[in-house]
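All heavy atoms count here, side chains included; hydrogens, waters and symmetry mates do not. Throughout, a chain's letter reflects where its sequence line sits, starting with A, and its residues are numbered from 1.
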Amino acid sequence: MLILDVAVPCPLRRSFDYLPPSGITAAEPGMRVLVPFGNRRLVAVVLGCKNETQVDHAKLKPAIELLDTQPTLGKDLLALAQWASNYYHHPIGEVLQQMLPVRLRKEKPARDQMEPHYRLTEAGREALASDSLGRARKQAELLDWLSHQQAASRSTLKQNGFDYPQIKALVDKGFIEAGDAAAMPVTIAEGKTLNPEQQHAVESIAAHAGKFQPFLLQGVTGSGKTEVYLQAIEHCVKQGKQALVLVPEIGLTPQTLRRFEARFPAQVSVLHSGLADGERLSDWQRAGRGDCSVVIGTRSAVFTPFNSLGLIIIDEEHDPSYKQQDGFRYSARDIAVKRAADHHCPVVLGSATPSLESLHNVQQNKYRHLLLNERAGGAQPPTIKLLDIRNSELNNGLAPDSLTAIGETLGKGEQALVFLNRRGFSPLLQCHTCGWVGQCDHCDVSMTVHFGRRQLRCHHCDAYKPLPDVCPDCENHSLTFKGPGTERLEQTLKGAFPDTQVIRIDRDTTGGKSAMSELVSTVNEGKPCILVGTQMLAKGHHFPLVTLVVMLDIDGGLFSPDFRGAERAGQLLTQVAGRAGRAERPGTVLIQTHAPDHPILATLLKQDYSPFAERLLAERKQLGLPPCSFTAVIRAEANALEACDRFLQAVRRDTGMPGNGNQFLGPLPAPITRKANRYRCSLILIAQDRKQLHALLNRARRAAEPLKPGFALRWTIDVDPLEWF
DNA sequence: AGCACGCCGACT
DNA sequence: GTCGGCGTGCTC
């Protein structure tokens with residue numbers, strides 16, 4: 001009797017046995033099946049076939065329908081899912097569900113989505129040369145654009161502002177033709193000349209083709225990491241293999257994308273969250289067929305199927321967006337390294353400010369270190385100055401010296417950037433008469449004032465209410481704003497420099513689809529202006545005319561209760577500093593601080609990230625914290641704090657004594673105890689090696705599962721957590 | 001996670 | 001008298 005072992009997308013840490021659908025006598029692992037589950041129908045994945053089952057035959061149900069004729073998930077991805085399920089202690093069914101593109105999670109049968117690729121015909125080339133399109137301006141633009149690209153898919157054309165009617169018109173005129181991606185010629189555009197450091201990096205990576213080897217490519221801003229990626233990919237593609245490039249969530253800027261597309265015409269697939277499900281599926285399948293050479297994508301792209309994977313690149317590898325922060329809490333960076341090992345290929349982790357994890361791996365000789373210290377075009381590193389603001393009169397967070405410096409910068413016809421990692425007008429609304437503060441009804445935090453919207457908003461849940469005119473308690477007109485946010489800074493700066501454009505960049509001003517790129521292009525028109533923004537400013541985008549950066553609240557990171565606070569602060573500072581000054585214009589970074597003698601700032605002042613990181617690493621070693629130890633967090637969430645605490649106490653007790661340097665921390669209540677009306681506690685597990693951590697987690701799981709908390713209590717496991725709460 | 005089953009308060 | 005609140009238990 002044929003029995004299917006099936007992974008069902010539900011939070012249960014096991015698979016389920018089913019009889020095959022009627023008429024089906026064979027199924028392969030990796031195929032999707034539609035199964036009855038409880039009283040629902042779910043798309044599940046076949047893990048394997050067997051002849052017998054422990055399950056009572058009366059309970060056994062037949063599957064409804066086999067949805068694939070070919071396995072959707074190949075052996076490699078299936079094995080990766082099993083590995084990830086064990087590593088992250090997450091149910092296999094949910095892991096597999098995350099691997100599938102959204103389209104394939106639904107019960108429609110899979111159909112290969114072949115997206116046509118367009119290229120110029122001879123007639124088109126002549127038409128372009130003779131400028132014969134006349135009034136059809138958009139069509140002429142398309143033709144011109146395509147002539148530089150060799151070929152492009154419909155979605156690529158759409159991304160570049162060309163619509164289907166224009167494509168159709170040109171096809172009808174015979175100026176362009178459609179074809180399969182596979183039939184498109186693999187061409188590679190000429191690369192730039194490399195400096196010796198870049199050359200060495202590319203050669204090292206290329207020399208390890210076909211072998212598993214991680215590289216940490218550490219290069220200061222402007223040192224040309226991308227060119228190294230491109231040429232390493234070129235080697236890979238020339239051997240007929242595919243490359244995967246992972247970028248942080250906001251790192252997929254149009255500039256970056258264009259650079260890849262220009263180099264590998266018609267060979268790049270893009271996978272990111274903004275894509276429509278259909279487009280996503282088509283690029284996913286295209287990669288699986290081997291019809292593209294390069295896949296660029298954010299976190300989930302690490303699960304893209306490949307025909308022949310030859311290289312993985314993880315850009316800005318320190319970026320926290322690689323770690324999924326809910327549900328299946330995987331790290332795309334770590335999974336990418338595992339995938340490279342499975343596929344016997346090199347993997348490059350690139351960053352100007354590497355994570356301590358990766359630097360530790362270099363020290364352990366697991367990763368090879370490639371350094372790029374030279375800045376392209378001989379640009380000078382910025383000068384970093386500390387501004388002691390103790391006892392200084394601040395104007396909404398800005399020190400007088402900062403304002404002076406901004407004025408001087410504008411006077412020189414240059415641009416200034418003011419960085420504050422706090423959006424909104426003010427983080428606190430308080431009554432000067434009775435002391436009332438605007439607090440969230442659902443979380444233990446104060447609400448942020450959003451002046452433009454005349455609202456109080458909670459930054460931890462989606463609560464908001466109208467901004468009161470008088471104190472809700474004592475009805476006096478004595479409400480005051482405590483502390484600045486980016487919105488307030490914008491106002492202050494507009495007041496101080498009335499003739500200068502102030503551009504604010506944060507989540508509130510970049511909400512629209514193209515808002516961000518519009519703001520960026522306004523800045524890069526080159527007129528003197530002041531940029532105000534949150535950490536969105538620190539990533540991805542280049543502002544070549546910014547010569548002054550002012551950082552307002554670095555202290556928060558330095559004294560953060562989170563053990564990664566200092567690492568984050570240092571990375572942020574280095575990245576933001578990298579925004580200042582290019583080529584011929586040296587930059588200045590002003591750091592406002594109450595702790596000018598802080599040793600971490602002192603180390604960073606030398607304008608070198610490496611000694612700073614080494615110092616932190618030594619500290620982590622001494623304290624037995626990651627990456628010098630291995631951690632996991634069990635979090636509990638319920639309507640009452642006591643319930644969480646009691647549950648985690650019980651888990652800790654039933655897990656037993658860890659010993660040998662392995663230990664528990666907690667249960668500890670989260671610093672923001674109540675969030676969206678839920679109370680949260682963490683139990684932290686610290687182990688001396690990976691194996692012990694997993695042994696500990698297995699025991700904890702066995703302890704937690706039968707506890708049946710009884711209340712509406714939810715608990716989760718987070719392996720290699722970025723935060724303890 | 002869903003979804004059903006089951007046992008106690010304010011409504012036509 | 002019932003509609004519906006969410007506590008608890010199950011899913012091959």
Give me the atom names and distance for the closest heavy-atom approach of K465(A) to M447(A). CE-SD, 3.4 Å
Length of the line joining K59(A):NZ and dC10(C):C1', which is rounded to integer Å: 8 Å
Would you mind classifying the nucleic acid contact of F37(A) as base, sugar-phosphate or nothing, using non-hydrogen atoms under 4.0 angstrom? base
Provide, to the nearest angstrom, the distance between the CZ atom belonging to R40(A) and the C1' atom belonging to dC10(C). 11 Å
Fit a plane to each ring of F328(A) and F303(A), take the angle between them on a 0 to 90° scale, and name the class: parallel (under 30°), tilted (30 to 60°) or perpendicular (over 60°). parallel
Cut-off 3.5 Å, side chains only: do R280(A) and S300(A) have a donor facing an acceptor? yes
Base, sugar-phosphate alone, or nothing: which one does P9(A) contact when heavy atoms must sit under 4.0 Å apart? nothing
What is the separation between atom CZ on R14(A) and atom C1' on dT11(C), rounded to the nearest whole Å? 7 Å
Distance, rounded to the nearest Å, where D56(A) contributes CG and dT11(C) contributes P: 11 Å
Between CG of L19(A) and P of dC12(C) the distance, given in whole Å, is 12 Å
Atom NZ of K61(A) and atom C1' of dC12(C) are separated, to the nearest Å, by 8 Å
Whole-Å distance between dC10(C) C1' and N39(A) CG? 11 Å
Spacing between I92(A) atom CD1 and dT11(C) atom P, to the nearest angstrom: 21 Å
Counting any heavy atom closer than 4.0 Å, what does D17(A) reach on the DNA or RNA strands: base, sugar-phosphate only, or nothing? base
Tell me what L4(A) touches on the nucleic acid: a base, only sugar-phosphate, or nothing, going by heavy atoms under 4.0 Å. nothing
Short N-O contact, K691(A) and D689(A), less than 4.0 angstrom: no
